[in-house]
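Data block below; observations after.
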Amino acid sequence: MSPLIETKKLTHIYSEGTPFEHVAVRDVDFSAARGEFIGIIGHTGSGKSTFVQHLNGILKPTSGSVLLEGEDVNGSAAVTRRVRGRVGLVFQYPEYQLFEETVRADIAYGPKNMKLGKEEIEQRVLEAADFVGLEASLLDHSPFDLSGGQKRRAAIAGVIAMRPDVLVLDEPTAGLDPRGREEIIRNICRYHDAVGGTVLYITHSMEDIARFATRLVVFNRGQIALDGAPEEVFRHVEELERIGLTVPSVTKVFSILRSRGLEVAEGIYTVDAAVEALLRLKGGGGNA
Amino acid sequence: MKIIRTEKLTFRYDAEDKGEPILKSLDLEIEEGTFVAVLGHNGSGKSTLAKHMNGILLPSGGKVWIDGMDTAEEDRLLDIRRTVGMVFQNPDNQIVANVVEDDVAFGPENMGVPSPEIRIRVDEALKDVGMYEYRTHAPHLLSGGQKQRVAIAGIVAMRPRCIVLDEPTAMLDPSGRRDVLETVHRLNREHGITVLLITHHMDECIGADRLIVMSDGQIIADGTPREVFPRVEMLRGSGLDVPATVGLMFELRKAGFDLPLDALSVEECAEALYRVFA
């Protein structure tokens, strides 16, 4: 399948030509097809946030290019403007960016900028609120009266309302408890299934993302260090730890079991897969 | 010696509010020198509890005593804040100076500590958190984990007997989280500082002496992590989870295997599995 979004030799240098010059992203070739749910992982300063900010033209490459369905997103001002509606970016702590008088107006801000009709906008607001699990009764409240978790949902809804083909989220669950994290991820999956676009999901929590992503991309020092299906990436326990990441504890447990001679598969990262692998070892039966 | 004691601690933000209070008649005693983790879902009241520990919030009902001092007595507030230091979630909101060592000196300066003594305290505090080599750096250029350790050093330099940390790792990457946790454990181990760690990361509670679980303004479990984490259904029912090690054992027990639910660490879990499956 032809890529929906891709980067070619993308390089970004901050403060180029000054003593503070810093290469944040270096020669990154990346491509994502429609339907992929990609987890993007990397320690602080690995370049992952700089990378994703190129995908809708917020940052311009120092060199290299970003293509949306083959078209250079920085080709002209008109293209960049169009791309903003097709590649939606949810920043970290997006609830600090709510600013309108009502939740409804805040979610409608993006579609309005896309010059959609009034009815279309209203319909998208309701649809987006539903996707993030925000009750319709909250739409007429001030966003500042919402709880932290609700504000986060409202902010994500504001991006989803543009129905982007590519949805990029930068740590959307930071600061939420396990139930809140699970709900947000599920809602994003639901959006992903319904729209059939591409999701890029930046996170520090490998355990959370590993259960949902079809592919993991690991950044280190401005480059892609590992790229593949979760079970493939989690085979590289030592490399992941060396670049400051932790692998899921289930993966660590299995790596110990393997080193002690137990014949269990590599790349196990969820409790369910672990249970299955161990049951297979015993021929499926318990001893109780 | 109880460094913290609450009796029927009740709190509501609005005195007129007739609804459910945020904290509902909490009785709690914390032994000096212990490492206590407080776990709870968003809105469980755990941060509100933390803010009662040095008089940022005062009880709507009931009492809080810090080292025997009633937090409601205004003239004891300074002594209370010298006894209990607070570290918050966002390191950017806690840093006040342009140079790391100036930032760490801010607390002791305000306490009126003499200059030569401040110098000693700042150096020691920065060494305690592993940030001494960054003492002349600008805080805003540090990583989140490094900033958080500078914020902790700023508290340590005031020589508190207890540190309360309210989700100190929520904004950090895995290595930043690990560094901050190791630092806090070391302060507890080597200096006997009482630690109250508020979190909703299950894994961060594994090394604690005691684990308190809060839900809807009440304490619903209190014991060692080994005693609390096996209560898988209770924890999940209140919006929390268990460490993946416990989750794995829980599923395997359902399948009929005789495995312990209190093998919390990766090593213990692997050992227990090896014994059954090898």
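Computed from a prediction, not measured in an experiment: that's the story for all the values here.
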| request: Could you tell me which of B/G247, B/A270, B/G239 has the largest number of non-hydrogen atom pairs under 4.5 Å with chain A? | output: B/G239
| So, do A/V264 and B/F277 sit near enough that their side-chain heavy atoms are less than 4.5 Å apart? | no
| query | How about B/R226: does its CZ atom have over 12 heavy atoms from other parts shown lying under 6.0 Å from it? | reply | yes
| Distance-minimising heavy-atom pair for A/T44 and B/D173 | N-OD2, 2.5 Å
| task | To the nearest 0.5 Å, tell me how far B/I206 CD1 sits from A/S249 OG. | result | 7.0 Å
| Stepwise, does the side-chain contact (heavy atoms from CB on, under 4.5 Å) test hold for B/E271 with A/R260? | CA-CA 10 Å; B/E271 178 61 35; A/R260 294 185 62 176; 2.7 Å; yes
| message | More than 12 heavy atoms of other residues, nucleotides or ligands under 6.0 Å from CG of B/N98: yes or no? | response | no
| Interface residue of largest heavy-atom contact number with chain B, from A/I256, A/L245, A/T203, A/L257, under 4.5 Å | A/L257
| Any side-chain heavy-atom pair of B/E251 and A/E276 under 4.5 Å | no
| message | Looking at chain B, which one of A/G244, A/G45, A/G149, A/P178 has the largest number of heavy-atom pairs inside 4.5 Å, strictly under? | response | A/P178
| message | Can you give me the closest heavy-atom contact between B/A255 and A/L279, atom names plus distance? | response | CB-CD2, 4.0 Å
| said: On a heavy-atom basis, which atom in A/A274 and which in B/L248 lie closest, and how many Å separate them? | reply: CB-CD1, 3.6 Å
| note | Turns out that what part of B/Q89 lies under 4.5 Å from chain A's heavy atoms comes down to side chain
| field | A/R181 to B/H200 - nearest heavy-atom pair and separation | value | NH1-CD2, 4.1 Å
| Would you find more than 12 non-hydrogen atoms of other residues, nucleotides or ligands less than 6.0 Å from A/R26 atom CZ? | no
| Are there more than 12 heavy atoms of other residues, nucleotides or ligands under 6.0 Å from atom CD of A/E135? | no
| query | Are more than 12 heavy atoms from other residues, nucleotides or ligands located less than 6.0 Å from atom CZ of B/F250? | reply | yes
| query | Do you know which two heavy atoms are closest between A/R179 and B/S238, and how far apart they sit? | reply | NH2-C, 3.8 Å
| remark: Okay, B/L172 and chain A: the region with an atom under 4.5 Å from a heavy atom over there is backbone
| Contacting region of B/T169 [heavy-atom separation from chain A under 4.5 Å] | neither
| said: Do the side chains of B/R178 and A/E241 get close enough for a salt bridge, i.e. N-O under 4.0 angstrom? | reply: no
| query | Measuring heavy-atom distances to chain B, does A/L176 have an atom under 4.5 Å in its side chain, in its backbone, in both, or in neither? | reply | both
| task | Quick one: closest heavy-atom pair of A/D177 and B/N42, and the distance? | result | OD2-N, 2.5 Å
